[in-house]
Colleague: 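Below is one structure. I have some questions about it.
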4 protein chains.
Amino acid sequence: MDKVSKHAQKSNESYQRLMDAAFKVFGQYGYEKASIDLLAKEAGYTKGTFYLHFKSKEDFFLEFMDHKLSVYKQNFLPLLNSNTTFESIISQGINIFYKLSNEDNWIPLFFEFCSIAVRNENVKERMSIYYREWFKLICMVLEKGKQANKLSANLDLDITSRKIVAVLDGYNLQNSFVSNGYSLDEVEQLIKQILELD
Amino acid sequence: MDKVSKHAQKSNESYQRLMDAAFKVFGQYGYEKASIDLLAKEAGYTKGTFYLHFKSKEDFFLEFMDHKLSVYKQNFLPLLNSNTTFESIISQGINIFYKLSNEDNWIPLFFEFCSIAVRNENVKERMSIYYREWFKLICMVLEKGKQANKLSANLDLDITSRKIVAVLDGYNLQNSFVSNGYSLDEVEQLIKQILELD
Amino acid sequence: MDKVSKHAQKSNESYQRLMDAAFKVFGQYGYEKASIDLLAKEAGYTKGTFYLHFKSKEDFFLEFMDHKLSVYKQNFLPLLNSNTTFESIISQGINIFYKLSNEDNWIPLFFEFCSIAVRNENVKERMSIYYREWFKLICMVLEKGKQANKLSANLDLDITSRKIVAVLDGYNLQNSFVSNGYSLDEVEQLIKQILELD
Amino acid sequence: MDKVSKHAQKSNESYQRLMDAAFKVFGQYGYEKASIDLLAKEAGYTKGTFYLHFKSKEDFFLEFMDHKLSVYKQNFLPLLNSNTTFESIISQGINIFYKLSNEDNWIPLFFEFCSIAVRNENVKERMSIYYREWFKLICMVLEKGKQANKLSANLDLDITSRKIVAVLDGYNLQNSFVSNGYSLDEVEQLIKQILELD
DNA sequence: GATGAATGAGTTTTCATTCAT
DNA sequence: CATGAATGAAAACTCATTCAT
């Protein structure tokens, strides 16, 4: 293994470890209270290493956000190639959503994204992209439902996807603060009602 | 007069001015970046005066949150005594929600509440209370629908109120980041679908 | 003594002490290595107090420069109202210059001003003003020489004042690095040669 | 090969490139703000290479100073072997001085040397040597004037050379901050006055 | 020779909080 | 009631230097 690749490998490792640490630290402390010091220490490095990779805290946050939202969405891609029934795909989708939502730090992180986005155009832009991709992905899944004659040909997929996202976001919000809020079963039931599947 | 009894002084002018300033400053800068200096100056006072009324920034934030959420809910109380048709009450409610949501700083502030709540038990407790009261209020409205035979007697009001809140929250979230998201009409249509009014 | 004046008095005192500390600290360490920490400590305060009075290090430096250059020039004002012979006024002026130049920290500070001025437009602007006032003052003194028929009516005072300043600056520069450089007597002799007094 | 013998390696390409970079970078940013990173990059290398050649930033600066001042003086050596009239040699010297002074970065660098010298004995020592050599060189030129009977045999060359250097330094200082300061012609006129040539 | 990852001490700046007036 | 001077802890960011490759 030559010099170059050894250096590159080390660089990659520290980059990755900083990203991983960010998930934990930004989730746990929020953007403002997550210090670079803590972030770096959590990754097993010192501040200096952080600035070797990123030129500022905001820069890093943006990059981390891109990374995190991209990974988040990839979890849903298998739905597009699934061979099971449409109803089953819907259920699976909800389950994946549920699993991801319960990952430590994801919900706090998501609120952080929202909270910063309303004041920072760069972050807002990323949220916007994230939502659009979200809608598109759901539209693609719903399209399969139409092709399988499970959904009415009249159903406006754009609007429907937006409704579904609203219901899921609303569910997460509510469950963060109210124990014994409504259950996943009820989410599924509501989504099926929106899809006129029942 | 000790700090605790300060809660009783809500009629004070300085108290009110600080609350108003908080709505603006916390909304615009977020909790962490809103300095006491700025807060006090916005209210027309200096730091010293702030500490005359509140023992810490967190304390103040908590009291402000109580104040703000309480004022927020009061906007919906007229719905309970309204004499119009049930459908009209629903429409009115959605309109009030829409108007409040578009008030400057409300959405940023709400995200701030969420973002802090997931990490701070005191704030979380308040969010929890807020949501419960929200549910209760909607239940009371829906009860009128049942009495007017507009809603099925079988409809589980607890679950239904939760669904409605989710839809409204989800709508706000989405509209904060995606222009041309779904419209108020669609919200109303979806809520009516949930209520099986159509 | 009322509250206001007590507060104002304290404020004045800390401002003054910070200015005094600056003369010592900037002179001793130079702008870059003079930390706010040290500056404040030298004045008997902490960093926070510094930022109560000045919004940044650069801002402070500019204000300090104004202050210092203004005080510097005031030392020469008595020359304008002196009643002695023109030759004596010239000698006195050179002596004042000599005394000020040998004040601890003045020369280092002056080099600092020069060194920063070439890279910072704000500082350069101040240096430019300083020099122009310098020229003007010398012109006024020389004018007295003309009125007393000690100087040729043909002498161009603008050019002459510039030459004198150059000789004095050059003297200071040289004496900072070379011991046994040329003496004050020689400066006086050279200036008299420029003035065609000999 | 130890660090000390590095002085002998002045023919190295990397050495030369670092020296050239230093002229630019120290001139542009000043000693404190010129980072090794930038210095190395400007020379086409990386930090590591820098430390291969020099043991510290200060060390490098000292060596750079030696190098630069030595190159500076070499520009005047042709004057010693010139065959033209004494007056013409004087004019040539002033012109060389003028040309060098207007080289980008030279004046800022010179102020940097001064500014550091008053606080650093090593740097001061080099400035002292520089000035002494300067005086010596001028004395040698003036000696030619004496031999050609252009200068009075009574003229004290040591003192005269000091005066000339002061005038030149003063000219540079003044022209750095005041546009429309006195002109080269006036410098020449003043120097001739000092030499009693007029 | 040359690279660049990693460090850690140091720098400017902000800000919640206290307290004498 | 109200002020504002003073504090000190903590934050983002910089940079000379080292060293494994």
Side-chain angles (χ1 to χ4, degrees), chain A residues 1-15 32-40 44-60, chain B residues 12-14 32-40 44-60, chain C residues 1-15 32-40 44-58 60, chain D residues 1 12-14 32-40 44-60:
Chain A
M1 189 170 295
D2 64 341
K3 292 179 194 179
V4 175
S5 69
K6 248 304 175 48
H7 271 160
Q9 191 185 310
K10 274 203 142 194
S11 183
N12 275 342
E13 192 190 331
S14 52
Y15 179 95
E32 295 295 344
K33 299 225 99 177
S35 73
I36 305 295
D37 226 348
L38 188 61
L39 207 50
Y45 296 98
T46 58
K47 272 196 296 279
T49 306
F50 175 91
Y51 283 98
L52 214 59
H53 290 281
F54 310 98
K55 78 178 219 295
S56 72
K57 191 183 184 184
E58 182 178 345
D59 232 54
F60 174 65
Chain B
N12 278 359
E13 192 194 336
S14 51
E32 295 295 343
K33 302 220 104 182
S35 73
I36 304 293
D37 226 349
L38 188 60
L39 215 43
Y45 295 101
T46 56
K47 274 196 293 273
T49 310
F50 175 91
Y51 281 96
L52 220 55
H53 290 276
F54 305 97
K55 79 176 215 292
S56 72
K57 191 183 185 183
E58 183 179 345
D59 229 54
F60 174 68
Chain C
M1 187 170 296
D2 65 340
K3 292 179 195 180
V4 175
S5 68
K6 246 308 174 45
H7 270 162
Q9 191 186 310
K10 274 204 140 189
S11 184
N12 275 341
E13 191 192 333
S14 50
Y15 178 96
E32 295 294 344
K33 300 226 100 178
S35 74
I36 306 296
D37 224 349
L38 188 61
L39 206 50
Y45 296 98
T46 58
K47 274 193 293 277
T49 306
F50 174 90
Y51 283 98
L52 213 62
H53 290 280
F54 310 97
K55 78 178 219 295
S56 71
K57 190 183 184 183
E58 183 178 345
F60 174 66
Chain D
M1 187 177 294
N12 277 1
E13 191 194 337
S14 50
E32 295 295 343
K33 301 220 105 182
S35 73
I36 305 293
D37 225 349
L38 189 60
L39 214 44
Y45 295 100
T46 57
K47 275 197 291 277
T49 309
F50 175 91
Y51 281 96
L52 220 55
H53 291 275
F54 305 96
K55 80 177 216 290
S56 72
K57 192 183 183 182
E58 183 179 344
D59 229 56
F60 174 68

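Each chain gets a letter, A, B and so on, in the order the sequences are listed, and its residues count up from 1. Keep in mind that what you see is a predicted model, and the values were worked out from it rather than measured.
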Colleague: Counting only Watson-Crick or G-U wobble pairs whose two distances fall under 3.5 Å, which nucleotide matches E/dC15?
Modeller: F/dG8
Colleague: Between E/dT3 atom P and D/Tyr45 atom OH, what is the distance in whole Å?
Modeller: 8 Å
Colleague: Whole Å only: how far is the CG atom of C/Leu39 from the P atom of E/dT13?
Modeller: 12 Å
Colleague: Could you tell me whether A/Ala40 contacts a base, only the sugar-phosphate backbone, or nothing, with contacts defined as non-hydrogen atoms closer than 4.0 Å?
Modeller: nothing
Colleague: From CZ of A/Phe60 over to C1' of F/dC13, roughly how many Å is that when rounded to an integer?
Modeller: 15 Å
Colleague: Does any non-hydrogen side-chain atom of A/Ser11 lie less than 4.5 Å from one of A/His53?
Modeller: yes
Colleague: Pick the closest DNA chain E nucleotide for B/Lys47 and for C/Ser56 by heavy atoms, then say which residue is nearer the 5' end.
Modeller: C/Ser56
Colleague: Under a 3.5 Å cut-off for both contacts, is E/dT21 paired Watson-Crick or G-U wobble with anything, and if yes, with which nucleotide?
Modeller: F/dA2
Colleague: Does E/dT7 have OP1 or OP2 under 4.0 Å away from a side-chain N or O of A/Thr49?
Modeller: yes
Colleague: Relative to the 5' end of DNA chain F, which residue comes earlier, B/Thr46 or C/Gly48, by the nucleotide with the nearest heavy atom?
Modeller: B/Thr46
Colleague: With a 4.0 Å cutoff (strictly under), does any side-chain N or O of A/Ser14 reach OP1 or OP2 of E/dA6?
Modeller: yes
Colleague: Tell me whether the side-chain N/O atoms of B/Lys57 come closer than 4.0 Å to OP1 or OP2 in E/dA16.
Modeller: yes
Colleague: Please work out if A/Phe50 contacts a base, only the sugar-phosphate, or nothing of the nucleic acid, heavy-atom cut-off 4.0 Å.
Modeller: nothing
Colleague: With distance as the sole test, does C/Lys33 use its side chain to make a donor-acceptor pair with the main-chain N or O of D/Glu32 at under 3.5 Å?
Modeller: no
Colleague: Sequence neighbours left out, what passes side chain to side chain donor-acceptor pair (under 3.5 Å) with C/Asn12? Give chain and number order.
Modeller: none
Colleague: Just compare E/dT12, F/dA11, E/dG4 and give me whichever is closest to any side-chain atom of A/Ser35.
Modeller: F/dA11
Colleague: CD of C/Gln9 versus C1' of E/dT21: gap in Å, rounded?
Modeller: 12 Å
Colleague: Report the distance from atom NZ of A/Lys33 to atom P of F/dA11, rounded to the nearest whole Å.
Modeller: 7 Å
Colleague: Which heavy atom of B/Tyr45 sits nearest a heavy atom of B/Ser14, and at what distance?
Modeller: OH-CB, 3.2 Å
Colleague: Using atom CG of C/Asp37 as one end and atom P of F/dG8 as the other, report the distance to the nearest whole Å.
Modeller: 11 Å
Colleague: Looking at F/dT17, I'd like to know if its phosphate oxygens (OP1 or OP2) sit under 4.0 Å from a side-chain N or O belonging to D/Tyr51.
Modeller: yes
Colleague: Could you tell me how far apart B/Leu38 (CG) and E/dT14 (P) are, to the nearest whole angstrom?
Modeller: 13 Å
Colleague: For residues C/Leu39 and C/Phe60, determine if any side-chain heavy atom of one lies less than 4.5 Å from a side-chain heavy atom of the other.
Modeller: yes
Colleague: Tell me: CD1 of C/Ile36 to P of F/dA6, nearest whole Å?
Modeller: 16 Å
Colleague: With a non-hydrogen cut-off below 4.0 angstrom, is C/Leu52 in contact with a base, only sugar-phosphate, or nothing?
Modeller: base
